[in-house]
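This report refers to the structure that appears directly beneath it.
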Amino acid sequence: MWWIPVVAIIVIIVLWVAGSYNGLVKLRNMVEEAFSTMDVYLQKRHDLIPNIVNTVKGYAKHESETLEKVISARNLAVNAKTPEDKINAETGLQGAIKSLFAVAEAYPELKANTNFLDLQSKLESTENDIANSRKYYNGVVRQYNTKIQVVPTNIIASIFKFTKKPMFEIDDEGHRQNVNVEF
């Protein structure tokens, strides 16, 4: 009869390990799904940028440096492979887009161009989608990172090599500032 409590304890431990592991797997999958959703919106932004740059080129021929920075930032973002690289590249792209729209403000004919207005509207809508998907991603990452760091699931997380995921945040203070264009 002594073996009944031992078996019960072993069953409880096995169920706890299985439950903790499954919970961590579900959260990891939610993080990956959230990042994939955000990636779709980022790709949509990447597809819009060349159209906007080409439209601006026709009006702002002497703004080639700004336009080149936007295209360069876009190319870095498109070619980023890891979540960390994508986060860094997208932060740079967001700053470049702000500069592009600041340049566009200086050209009244461009601001009135229906093609540009349509592209700008699509990009702004996409930016809102990106912001919302970043919030969701960061919320899921927070939940996941908390779960792998708190006792007792941190034990299971370390055994099965669940690692901390990066938040999507702006870490360059220059991107937090308003763009100032002067001629």
Taking only residues two or more places apart in sequence or in another chain, which ones pass side chain to side chain donor-acceptor pair (under 3.5 Å) with [X]?
X    : answer
N138 : none
N75  : none
S20  : W16

key: Summary of salt bridge (charged side-chain N to carboxylate O under 4.0 Å, His left out) pairs that have at least one residue in residues 112-124, sequence neighbours excluded   = D118-K122
Pairs satisfying salt bridge (charged side-chain N to carboxylate O under 4.0 Å, His left out), at least one member in residues 64-73, at least two apart =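 Of all non-adjacent pairs touching residues 64-73, those that pass salt bridge (charged side-chain N to carboxylate O under 4.0 Å, His left out) are E65-K69.
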Rounded to the nearest 0.5 Å, how far does [atom2] of [Y] lie from [atom1] of [X]?
X    : Y    : atom1 : atom2 : answer
N132 : Y41  : CG    : OH    : 8.0 Å
L76  : E90  : CG    : CD    : 10.0 Å
S36  : M38  : OG    : CE    : 9.0 Å
I130 : T126 : CD1   : OG1   : 6.5 Å
I155 : F160 : CD1   : CZ    : 12.0 Å
E84  : I87  : CD    : CD1   : 6.5 Å

Hydrophobic cluster membership, with links at side-chain heavy-atom distances under 4.5 Å among I/L/V/M/F/W/Y: are [X] and [Y] in one?
X    : Y    : value
L117 : V103 : no
W2   : I9   : no
V78  : L48  : no
I13  : I4   : no
V151 : I148 : no

What's the shortest heavy-atom distance between [X] and [Y], and which atoms?
X    : Y    : result
I52  : Q120 : CD1-N, 4.4 Å
K86  : K81  : CE-O, 4.0 Å
V141 : M167 : CG1-SD, 3.4 Å
A77  : A89  : CA-CB, 3.5 Å

Counterpart residues, side chain to side chain contact (heavy atoms under 4.5 Å, CB included), relative to [X] (two or more places apart):
X    : answer
I12  : none
V14  : I10
S121 : none
K57  : V53, N54, L67

task = Not counting sequence neighbours, which residues clear ring-ring contact (aromatic ring centres under 6.0 Å, His included) with Y144? List them please.
result =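 Y144: no ring-ring contact (aromatic ring centres under 6.0 Å, His included) contacts found.
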Partners passing ring-ring contact (aromatic ring centres under 6.0 Å, His included) against F35 (at least two apart in sequence or in another chain) = Y137
Mind checking whether [X] and [Y] have side chains closer than 4.5 Å, heavy atoms only?
X    : Y    : result
V31  : L27  : no
R45  : L93  : yes
Q143 : T146 : no
T153 : F162 : no

Flag for D39-Q43: side-chain donor and acceptor within less than 3.5 Å =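 No pair is found: no donor N or O on one side chain lies under 3.5 Å from an acceptor on the other.
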query = Does the side-chain contact (heavy atoms from CB on, under 4.5 Å) test come out yes or no for K26 and N29, once each step is laid out?
reply = CA-CA 5 Å; K26 286 178 189 176; N29 289 341; 5.8 Å; no
remark   = For V40, the hydrophobic cluster (side chain heavy atoms closer than 4.5 Å, chained through members) also holds none
message = Tell me if the NZ atom of K147 is crowded by more than 12 foreign heavy atoms within 6.0 Å.
response =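 Not more than 12 within 6.0 Å, no.
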message = For a side-chain hydrogen bond (donor to acceptor under 3.5 Å, both in side chains) check, start with the C-alpha distance between E33 and T37, then their side-chain angles and the critical distance, and finish with the verdict.
response = CA-CA 6 Å; E33 180 267 337; T37 299; 3.3 Å; yes
key: Audit row: E109, F116, side-chain contact (heavy atoms from CB on, under 4.5 Å) steps and yes/no   = CA-CA 10 Å; E109 328 72 65; F116 176 76; over 6 Å; no
